[in-house]
Protein chains: 2
Amino acid sequence: MTDTGKKKATIYDLSVLSGTSASTVSAVLNGSWRKRRIKDATAQLIQDLAEHHGYTANLQARGLRSSRSGLVGLLLPVYDNRYFSSMAQSFEALVRSRGQCPVVVSACRDPREERQVVETLISYSIDELFIAGATDPDGVHALCEKAGLKHVNIDLPGTRAPSIISDNYEGARLLTQAIIERALQDGPLTPDELYLFGGRDDHASHERIRGFREVKRTLLGADPDACIQPTGYSPAMTARAFEAFYEGHGKLPRAFFVNSSINLEGLLRFLGQHPHETFADIIVGCYDYDPFASFLPFPVFMIQQDSEAMLAKGFAILEAPRRAPVTVLVQPTLVPPRTALTGPLDQLSDAGGNG
Amino acid sequence: MTDTGKKKATIYDLSVLSGTSASTVSAVLNGSWRKRRIKDATAQLIQDLAEHHGYTANLQARGLRSSRSGLVGLLLPVYDNRYFSSMAQSFEALVRSRGQCPVVVSACRDPREERQVVETLISYSIDELFIAGATDPDGVHALCEKAGLKHVNIDLPGTRAPSIISDNYEGARLLTQAIIERALQDGPLTPDELYLFGGRDDHASHERIRGFREVKRTLLGADPDACIQPTGYSPAMTARAFEAFYEGHGKLPRAFFVNSSINLEGLLRFLGQHPHETFADIIVGCYDYDPFASFLPFPVFMIQQDSEAMLAKGFAILEAPRRAPVTVLVQPTLVPPRTALTGPLDQLSDAGGNG
DNA sequence: ATTCTCTGCACCATCGATTGTGCAAAAGTG
DNA sequence: CACTTTTGCACAATCGATGGTGCAGAGAAT
C-alpha cells in the first residue's frame with residue numbers, strides 16, 4: 001500500500017490506470033467479477049493496482065447506490081456498566097466475525113434520543129439493528145418498520161418485533177432464593193428483613209419484582225409492600241433510598257435484592273458514608289454481574305445475564321425467513337459470592353509479557 | 001409525522017409535492033435557504049411538507065456529495081471496563097451536545113484491526129477521530145493523514161498527531177506513595193514487600209513503572225527488578241502471576257500496584273481460588289478507578305483518570321487552527337479506598353420511582 | 001420608458017459506486 | 001466459410017443531496 005497520490009483513489013482512477021472501464025473495476029473489487037465474466041488476468045491486474053494505490057471503496061457511495069451499508073447497529077441505554085459494556089464487547093466480536101461492521105450507540109434511556117439515533121442509523125442504511133433496553137421499543141419499531149430495517153429487541157421486549165430477553169422472572173427467583181437461604185444460615189428471617197431496591201416501570205423490573213415477591217411469599221410467608229423500593233435506574237436515587245431506610249431503622253435490611261448493578265452503585269455511595277459495622281452482616285443479591293461487586297466485603301449473589309447468547313439468538317432470528325414478534329427467553333445464571341468469571345475480554349489475544 | 005407512503009421520502013418527492021425544484025427543497029431542509037434567498041413562505045411550505053411526510057435526509061447521499069458526515073469517531077481498545085466504558089459515555093454526551101453523531105468502535109488492541117476500523121471510518125467520511133489507546137498510533141495516524149482526517153490521540157501518545165494523555169508518571173507516584181504510607185501504618189515495609197503487576201511495553205505502562213520505581217526507591221531505599229511483573233493487559237495472565245508469586249512465597253506481597261483495572265480482575269481470579277486469610281492484610285493500588293473495586297475487603301487506592309477533560313481538550317485541539325503534534329498531560333486523581341464517585345451516568349435524567 | 005438591481009428560484013454537473021444491457025471479438029460448429 | 005455461441009468487457013442510468021451559475025420578473029433609479 002504505497003500511498004501514491006494525495007487524494008483517495010476511486011474506481012475511475014483505477015479504470016484509467018488499468019485501461020478498463022469503471023464498471024469492470026467495480027466488479028473486480030466488490031467480488032462480483034466472476035459473475036460478470038471478467039478475465040482472471042484483468043482481475044489480477046486491477047487487484048494489484050488497487051493494492052498498490054491503497055484503494056478503499058467509498059462506502060457512502062456504495063451504500064447510496066445499493067442502499068445497504070454492511071453496518072449492524074446496537075442501541076444501548078448506556079455504556080457505563082459491566083452488563084452493557086460486556087454486551088457491546090460481545091457484539092463487536094460477533095458482528096466482525098460475520099464480516100460486517102459494528103456500530104454501537106447509546107440513547108441514555110431517553111425515548112426522544114432513541115428515535116433520533118435510530119433515524120440517524122436508518123439514514124446510513126444500516127442493515128440490521130439490535131435494540132437493547134429501549135425505553136420505547138414500539139416507537140423505535142415503527143421507525144424501523146417504515147424503513148424496512150430488520151431489527152430485534154434485546155433485554156427489554158417490544159410487542160411488535162421479535163424480542164430476546166433474559167428470563168427475569170426465573171432469574172429473580174433464583175436470586176431471591178439464594179439470598180434467603182444464605183440469610184437463614186444466620187438465623188430466622190422475617191419478611192420485613194428482606195427488601196428490594198431499584199428498578200422502575202419497565203418489563204424487566206416488573207418480572208424481577210414478581211419473581212422476588214413470589215419466592216419471598218413462599219419461603220417467608222408474607223411480603224409487605226413497603227419492602228419494595230423502586231428507585232429508578234439511578235445510583236443517586238438508590239443511595240437516597242438506602243439513606244432513608246437507615247434513618248428510619250438505624251440499620252440496613254438484613255438482606256436485600258438490588259435490581260441492577262447501576263442500583264448497586266447506589267449502595268456503594270451509602271457505604272462510603274457509613275462505618276463498616278453498618279453493613280457487616282448484610283446479604284445482597286444483585287441482578288447483573290460485575291466481577292468487582294462479587295467480592296464486596298459481604299456476600300453478594302449476582303445474576304449473570306447471557307448477553308452473548310441473546311445476541312447470537314438475535315442474529316439467528318434476523319436470518320430466519322419469517323420474523324414473527326415472538327419473545328425468546330434466555331436463562332441467566334446465578335453467580336455465588338466471590339466469583340470471578342471470565343468475560344469477552346478473555347477472547348482477545350494479548351501476548352502479554354514486557355515485549 | 002404521518003407516515004404517508006411506504007418508501008422514504010426524498011427531496012424529489014417533496015419538490016413535486018411543493019411545486020418547487022429539488023435544489024430549493026435541499027436548501028430549505030439543510031438550513032442554507034436564507035443564503036439562497038428562498039422566500040419565507042416557500043421555506044415554510046416545504047418544511048411543513050417535510051414534517052408531514054416524515055422526511056429525513058439520506059445521510060449517505062449527503063456525505064457522498066459533501067464528503068462530510070457529521071460523524072465523530074472514538075476508537076477504543078475494548079469496552080469492557082469502567083475506564084473505557086465511562087469514556088464512551090462521556091464521549092457520547094460531548095459529541096451530542098455539539099450536534100454531531102458519536103460512533104464508538106473497538107479494535108481489541110490489535111494493530112491490524114485498528115487500521116481496518118479506521119479505514120472503514122474514513123470510508124464513511126467521518127469528520128473527526130479520537131484514538132484512545134491505539135496499539136500503533138502512528139500507523140493509524142498515517143491513514144488519517146492521507147485521508148485528511150482530523151484526529152487526536154487520547155490516553156496513549158503518538159509522535160505524529162496531537163496527544164492528550166493522563167500524567168501517568170505523576171499518577172503512579174501519587175498511587176505508590178499512598179500505598180506505601182498506608183502500609184507503613186501496619187509496620188515497616190521492606191522493598192521486597194512492594195510489587196507491581198500488569199502492563200506491557202506501551203507508553204502508559206512505562207511511565208507508571210517509572211513513577212512507581214522512583215517513589216519506591218526514594219521511600220524504601222531500593223527496588224529489586226523482580227518486584228516488577230509485567231503481565232500484559234489480560235486478567236488470565238495477571239492471575240497467573242499472582243498464583244506464581246503465591247506458590248513461591250506462600251502469600252501475596254504485602255502491598256502492590258496493579259497497572260489497570262483489567263489487571264485487577266486477574267487479582268479477583270486469584271482471590272476466588274483462595275481463602276480469605278490469604279489476602280486479609282494486603283494493600284492494593286490500582287491505576288484506574290472502578291467503583292466496586294474501591295470497596296473490596298482490603299484497602300484499594302485507585303487513580304481516576306479524567307477522561308472527560310481529555311476529550312474536551314481533544315475537541316479544543318481539533319478546533320484550533322494549528323495542530324502540532326503536542327502532548328498534553330491531564331492530571332489524574334488519587335481516590336482513597338471505599339470511595340463511590342459519581343460518573344457520567346449521573347448526568348442522565350431518570351425520573352425514577354415506579355411510574 | 002429604459003436601464004439597473006435585487007429577489008427568488010430552476011438547472012445541471014457532481015460525489016463514487018452498482019448493475020442491467022448491449023455489443024464486439026473470439027471460439028466453437030457443421 | 002457462414003453461423004451460432006460464448007467470452008469479455010464498455011456504456012449509461014441511477015442512488016439522493018449539494019452548490020455554482022444563470023435567468024426571469026419585480027421594483028428602483030434616471
Side-chain angles (χ1 to χ4, degrees), chain A residues 5 7-46 50 53-71 119-120 122-125 127 147-148, chain B residues 5 7-47 50 53-70 119-120 122-126 147-148:
Chain A
K7 290 281 118 205
K8 297 230 70 174
T10 71
I11 54 170
Y12 297 98
D13 301 331
L14 294 182
S15 89
V16 172
L17 288 167
S18 65
T20 64
S21 75
S23 57
T24 300
V25 175
S26 170
V28 168
L29 296 175
N30 70 25
S32 69
W33 57 284
R34 296 217 97 97
K35 201 173 62 190
R36 282 185 157 270
R37 298 190 316 234
I38 308 290
K39 223 195 315 184
D40 286 29
T42 310
Q44 192 59 55
L45 168 67
I46 292 174
H53 292 270
Y55 169 86
T56 50
N58 180 320
L59 298 180
Q60 308 215 55
R62 171 178 296 169
L64 173 58
R65 184 57 234 259
S66 57
S67 56
R68 302 182 331 94
S69 63
L71 298 177
E119 288 276 19
T120 304
I122 289 175
S123 298
Y124 277 103
S125 309
D127 298 337
Chain B
K7 289 282 116 201
K8 298 228 69 172
T10 71
I11 53 170
Y12 297 96
D13 301 331
L14 295 183
S15 89
V16 171
L17 289 167
S18 65
T20 63
S21 76
S23 59
T24 300
V25 175
S26 169
V28 168
L29 295 176
N30 71 26
S32 69
W33 56 284
R34 295 216 100 95
K35 201 173 62 189
R36 279 182 158 276
R37 297 188 316 235
I38 309 290
K39 222 195 314 183
D40 286 27
T42 310
Q44 192 59 54
L45 167 67
I46 292 173
Q47 282 161 350
H53 290 271
Y55 169 85
T56 50
N58 180 320
L59 298 181
Q60 308 215 58
R62 172 178 293 168
L64 173 58
R65 184 58 236 256
S66 57
S67 58
R68 300 183 335 94
S69 62
E119 288 276 19
T120 304
I122 288 175
S123 297
Y124 277 103
S125 308
I126 66 166

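To find a chain, count down the sequence lines: A is the first, B the second, and so on, and within it residues start at 1.
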DNA chain D-proximal residues of residues 13-28 of chain A, any heavy atom under 4.0 Å: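 Those residues are A/Gly19, A/Thr20, A/Ser21, A/Ser23, A/Thr24.
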Between [atom2] of [N] and [atom1] of [X], the distance in whole Å:
X: A/Arg34; N: D/dC9; atom1: CZ; atom2: P; answer: 12 Å
X: B/Lys8; N: D/dC15; atom1: NZ; atom2: C1'; answer: 15 Å
X: A/Gln44; N: D/dC9; atom1: CD; atom2: P; answer: 13 Å
X: B/Gln60; N: C/dT18; atom1: CD; atom2: P; answer: 12 Å
X: B/Ile11; N: D/dC15; atom1: CD1; atom2: P; answer: 12 Å
X: A/Leu29; N: C/dA17; atom1: CG; atom2: P; answer: 9 Å
X: A/Trp33; N: D/dA10; atom1: CH2; atom2: P; answer: 15 Å
X: B/Asp40; N: C/dT7; atom1: CG; atom2: C1'; answer: 12 Å

Closest to side chain of A/Leu64, choosing from D/dT18, D/dG8, D/dC15: D/dC15
Closest to the B/Thr10 side chain, choosing from C/dA17, C/dG8, D/dA17: D/dA17
Sort out for me which residue in B/Ser125, B/Ser67, B/Ser69 forms a side chain to side chain donor-acceptor pair (under 3.5 Å) with A/Gln60.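 The side chain to side chain donor-acceptor pair (under 3.5 Å) with A/Gln60 is passed solely by B/Ser125 among B/Ser125, B/Ser67, B/Ser69.
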Atom pair [atom1]/[atom2] of [X] and [Y] - distance to nearest 0.5 Å:
X: B/Tyr12; Y: B/Leu17; atom1: OH; atom2: CG; result: 15.0 Å
X: A/Tyr124; Y: A/Leu71; atom1: OH; atom2: CG; result: 10.0 Å
X: B/Thr42; Y: B/Arg36; atom1: OG1; atom2: CZ; result: 13.5 Å

Taking only side-chain N and O atoms of [X], does any of them lie within less than 4.0 angstrom of OP1 or OP2 on [N]?
X: A/Tyr12; N: C/dT18; result: no
X: B/Asn30; N: D/dA17; result: no
X: A/Tyr124; N: D/dG16; result: no
X: B/Arg65; N: C/dT14; result: no

Tell me if the side-chain of B/Arg36 makes a donor-acceptor pair with the base of C/dG8, cut-off 3.5 Å, by modelled atom types.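 Donor-acceptor pair under 3.5 Å: no.
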For [X], report the nucleic acid contact type (base, sugar-phosphate, nothing); a contact means any heavy atom under 4.0 Å.
X: A/Ser67; value: nothing
X: A/Arg37; value: base
X: B/Ser32; value: nothing

Side-chain donor-acceptor pair present, B/Thr24, B/Ser21, cut-off under 3.5 Å: yes
A/Asp127 side chain to A/Gly70 main-chain N or O, any donor-acceptor pair under 3.5 Å?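 A pair under 3.5 Å: yes.
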Among B/Val25, B/Ile46, B/Thr10, which one satisfies side-chain contact (heavy atoms from CB on, under 4.5 Å) with B/Ser15? B/Val25
